[in-house]
Amino acid sequence: MARRKNVLLIVVDQWRADFVPALGAGFLRTPNLDRLCREGVTFRNHVTNAVPCGPARASLLTGLYLMNHRAVQNTVPLDSRHMNLGKALRHIGYDPALIGYTTSTPDPRTTGARDPRFTTLGDLMEGFRAVGAFEPSMDGYFGWLAQKGYALPEKREDIWLPEGEDSVPGATDRPCRIPAELSDTAYFTERALTYLKGKGDKPWFLHLGYWRPHPPFIAPAPYNTMYSPADMPALHRRPTWQEEAAQHPLLDFYLRGISQGSFFHGAGGAASALDEAAIRTMRATYAGLITEVDNALGEVFDYLDATGQWDDTMVIFTSDHGEQLGDHYLLGKIGYHDESFRIPLVVKEAGASPRAGEIESAFTESVDVLPTILEWLGGEAPRACDGRSILPLLQDGRPADWREHLFYEYDFRDVHYSKPETALGLGLDDASLCVVQDENWKYVHFSGLPPLLFDLQRDPQQFDNLANDPAHAAVVAEYAQKALSHRMRHAERTLTHFRATPGGLEERNP
């Protein structure tokens, strides 16, 4: 009898790739992620195809580039015609469960203008069955707290203020006011175990989302003091934020406009004003939040072990996007820097993997997750999918025709909480960039602003823009051509493999 196939897709939020012990972050204690890396394959050069959350999750869950799904920013609708992982899994007999969120704004043509989903940052993507939602407005979590008997403050978000009446909001090693057993991480874990314990012997798919290590950067005890600021990795930034800002108008906008209040509940001041000590404290808190998630994953893994399901389950661990963490004086996930786009990807197949414990350096992207899951379950990725199954990388190593560069995008049109488009004097559809990046060069092409070029061998932190240097004009031209060719190859193609003939409709095999 064929073994059943389960999939556990773990999607954490704002976890950057260099905070993975297998990729060099030896200061972190993540025994459960370490186990996953030992039993699966860890991908060294993995990126999200877009930031921030809504566009990133749209690419992850549709397998489409930003240029095709067009949910270009948080709050911008996702076209209902697109296939997504939830819908596709239903075609092959799975009832896809989702814990967490997808930050998807619905297609206004499928509902009315008074739909309350249009008043939030994003809601749940069509096709999934929510079994532990965080959206809208975290109501599910706050209701769970109240049901547990926790007395919510008048302003519910004040649970993420530092403990103590004399506390000052901002980078701190004080714990937040909510205890670890009632944290949002604990909530998601309880929802996951409740779902899994109700499934019986039926095969399952679970999107297990965690909000952390997303801001606010404050951890419950004991995670708030688990790491020393002195042990955190060094910052990558020029001596002053003004020197960074001179690199490009978009970077100048963000360095002048990002507030600490978006990252520390109740704080004020510019993010670019944080000194090294504050950033190291923030990073220690970020690391603590990571270990809290890892401990939670241990509870889920232990249950799968105890019930004999671990060997029937493909486990995928990834994030929606990264986090600047003070590098280049930035906080958040914005612009074009690697810290925002490089994310973890670890994949363990069911049973023993032939490449268990290996680190793969092939270029992989978030759009590859959907076709990988569908192929492993016996389905087929939609023709429009921009990604490619990584099953060959899990089993045999890099195919000869694998991609030669990474491609990712960012759209910075105005939304209600940030208005770079207006500040930079751009049109609605000119506030965008795309990146082509390989081992040697990183080229950033803007629709309405000057390009950037970085020599990654000589300048891995991307301080020196060479795009205006006549000596590098040929490189700029070569990589601009790569970007154009990539976009042309991946232009929308849902029906382009069909053709009418005198003998009737033909379907070509791409």
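The model shown is predicted, which means the values in this text are computed figures rather than measured ones.
- For Glu157, the CD atom sits in a packed shell: over 12 heavy atoms of surrounding residues, nucleotides or ligands are nearer than 6.0 Å.
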Hey, mind stepping through Asp338 and Gln437 against side-chain contact (heavy atoms from CB on, under 4.5 Å) and telling me if it holds? CA-CA 10 Å; Asp338 281 27; Gln437 180 172 345; 3.2 Å; yes

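- When atom types are taken as modelled, the side chain of Lys442 and the backbone of Asp438 share no donor-acceptor pair closer than 3.5 angstrom.
- Ring pair His214/Phe263: centre-to-centre distance not below 6.0 Å.
- No donor-acceptor contact under 3.5 angstrom links the side chains of Asp184 and Tyr210, judged on distance only.
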Which is it for Asp429 and Arg413 under the side-chain contact (heavy atoms from CB on, under 4.5 Å) test, yes or no, and what are the steps along the way? CA-CA 7 Å; Asp429 295 315; Arg413 71 188 62 207; 3.5 Å; yes

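- No side-chain donor-acceptor contact under 3.5 Å links Ser340 and Glu323.
- Taking the centre of each ring, Phe188 and Phe134 come in below the 6.0 Å mark.
- Checked by atom type, the side-chain pair Ser361/Asn45 shows no donor-acceptor distance below 3.5 Å.
- For His248 and Phe446, the ring centers sit closer than 6.0 Å to each other.
- Using a 4.5 Å heavy-atom cutoff, the side chains of Leu433 and Leu449 are not in contact.
- Note that CZ of Arg283 and CG of Asp231 are 13.0 Å apart. Values are rounded to the nearest 0.5 Å.
- Of the residues Arg57, Lys333, Arg212, the one that meets the salt bridge (Lys or Arg N to Asp or Glu O under 4.0 Å) test with Asp13 is Arg57.
- Donor-acceptor pairing under 3.5 Å is recorded for the side chains of Asn49 and Glu365.
- The shortest side-chain heavy-atom distance between Phe43 and Val346 does not fall under the 4.5 Å cut-off.
- Arg493 has a carboxylate O that lies under 4.0 Å from a charged side-chain N of Asp386, or vice versa, which qualifies the two as a salt bridge.
- Both tests pass for Lys348 against the ring of Trp310: distance under 6.0 Å to the centre and angle within 45° of the axis.
- Side chain to side chain, Asp123 and Ser104 fail the donor-acceptor criterion of an N or O pair below 3.5 Å.
- Under a 3.5 Å cut-off, the side chain of Glu380 and the backbone N or O of Pro371 do not form any donor-acceptor pair.
- Atoms OG1 and CG, on Thr318 and Leu9 in that order, are 8.0 Å from each other to the nearest 0.5 Å.
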For side-chain contact (heavy atoms from CB on, under 4.5 Å), just list the numbers for Val293 and Ile10, CA-CA rounded to whole Å, side-chain angles, deciding distance to a tenth of an Å, and then say yes or no. CA-CA 11 Å; Val293 171; Ile10 302 160; 6.0 Å; no

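- Between Phe217 and Tyr286, the ring planes are perpendicular. Angles over 60° get that label, and only those under 30° would be called parallel.
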Could you please spell out the steps behind the side-chain contact (heavy atoms from CB on, under 4.5 Å) verdict for Asn295 and Thr291? CA-CA 6 Å; Asn295 287 348; Thr291 291; 4.1 Å; yes

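- A salt bridge links Asp368 and Arg403; the closest N-O separation between the charged side-chain nitrogens and carboxylate oxygens is under 4.0 Å.
- In this structure, the side-chain hydrogen bond (donor to acceptor under 3.5 Å, both in side chains) partners of Glu375, at least two apart in sequence or on a different chain, are Ser389.
- Two rings, from Tyr410 and Tyr336, have their centers 6.0 Å or more apart.
- Contact of the Leu208 side chain with the Tyr195 side chain is not registered, since no non-hydrogen atoms from C-beta on lie closer than 4.5 Å.
- Each of His46, Arg44, Arg342 was scored for a side-chain contact (heavy atoms from CB on, under 4.5 Å) with Leu23, with one residue passing: Arg44.
- Minimum interatomic distance between Ser366 and Ser59 (heavy atoms only, all atoms of both residues): OG-CB, 4.2 Å.
- Val300 places a side-chain heavy atom less than 4.5 Å from the side chain of Leu8.
- Residues meeting the ring pair (Phe, Tyr, Trp, His ring centres under 6.0 Å) test with Tyr187, sequence neighbours left out: Tyr141, Trp144.
- Ion pairing between a basic and an acidic side chain is recognised when a charged N comes within 4.0 Å of a carboxylate O; Asp252 and Arg256 show such pairing.
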I would like to know whether His486 and Tyr65 meet ring-ring contact (aromatic ring centres under 6.0 Å, His included); could you show each step before the answer? CA-CA 11 Å; His486 193 93; Tyr65 286 144; 5.4 Å; yes

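- In plain terms, the two heavy atoms of Ile290 and Pro213 that are nearest each other are CG1-CG, 3.8 Å.
- Residue-environment remark: CD (Glu404) stays at or below the threshold of 12 foreign heavy atoms within 6.0 Å.
- Residues Pro21 and Thr30 approach most closely at CG-OG1, 3.1 Å, considering heavy atoms.
- A salt bridge links Glu360 and Arg355; the closest N-O separation between the charged side-chain nitrogens and carboxylate oxygens is under 4.0 Å.
- For Trp15 and Trp211, the ring centers sit 6.0 Å or farther from each other.
- Using modelled atom types and a 3.5 Å distance limit, the side chains of Asp414 and Thr422 yield a donor-acceptor pair.
- With hydrogens and angles left out, the side-chain atoms of Glu492 and Thr494 include a donor and acceptor closer than 3.5 Å.
- Between Phe317 and Leu297 the shortest side-chain heavy-atom distance falls below 4.5 Å.
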Derivation of the salt bridge (Lys or Arg N to Asp or Glu O under 4.0 Å) call for Arg156 and Asp139: CA-CA 10 Å; Arg156 303 186 303 186; Asp139 288 347; 3.0 Å; yes

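- In this structure, Phe363 has its ring center no closer than 6.0 Å to that of Trp402.
- Counting only heavy atoms from C-beta outward, the side chains of Val7 and His207 never approach each other to under 4.5 Å.
- Two rings, from His69 and His82, have their centers 6.0 Å or more apart.
- With Glu409 contributing its side chain and Leu66 its backbone, the two residues share a donor-acceptor pair below 3.5 Å.
- Contact detail for Ala25 and Asp18: the closest heavy-atom pair is CB-O, 3.2 Å.
- Counting only heavy atoms from C-beta outward, the side chains of Leu274 and Gln260 approach each other to under 4.5 Å.
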Take Asn68 and His490 through the side chain to side chain donor-acceptor pair (under 3.5 Å) test and state the conclusion after the steps. CA-CA 8 Å; Asn68 286 324; His490 288 272; 5.9 Å; no

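- Remark: the Glu292 side chain and the Ser183 side chain contain an N/O donor-acceptor pair separated by less than 3.5 Å.
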Please lay out, stage by stage, how Asp327 and Arg237 fare under the test salt bridge (Lys or Arg N to Asp or Glu O under 4.0 Å). CA-CA 6 Å; Asp327 286 326; Arg237 61 186 197 177; over 6 Å; no

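- Contact check for Val11 versus Leu60: side-chain heavy atoms found under the 4.5 Å cut-off.
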For a salt bridge (Lys or Arg N to Asp or Glu O under 4.0 Å) check, start with the C-alpha distance between Arg38 and Glu358, then their side-chain angles and the critical distance, and finish with the verdict. CA-CA 8 Å; Arg38 285 194 308 272; Glu358 294 188 28; over 6 Å; no

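- Pro108 is linked by a side-chain contact (heavy atoms from CB on, under 4.5 Å) to Pro77, Phe118, counting only residues two or more places apart in sequence or in another chain.
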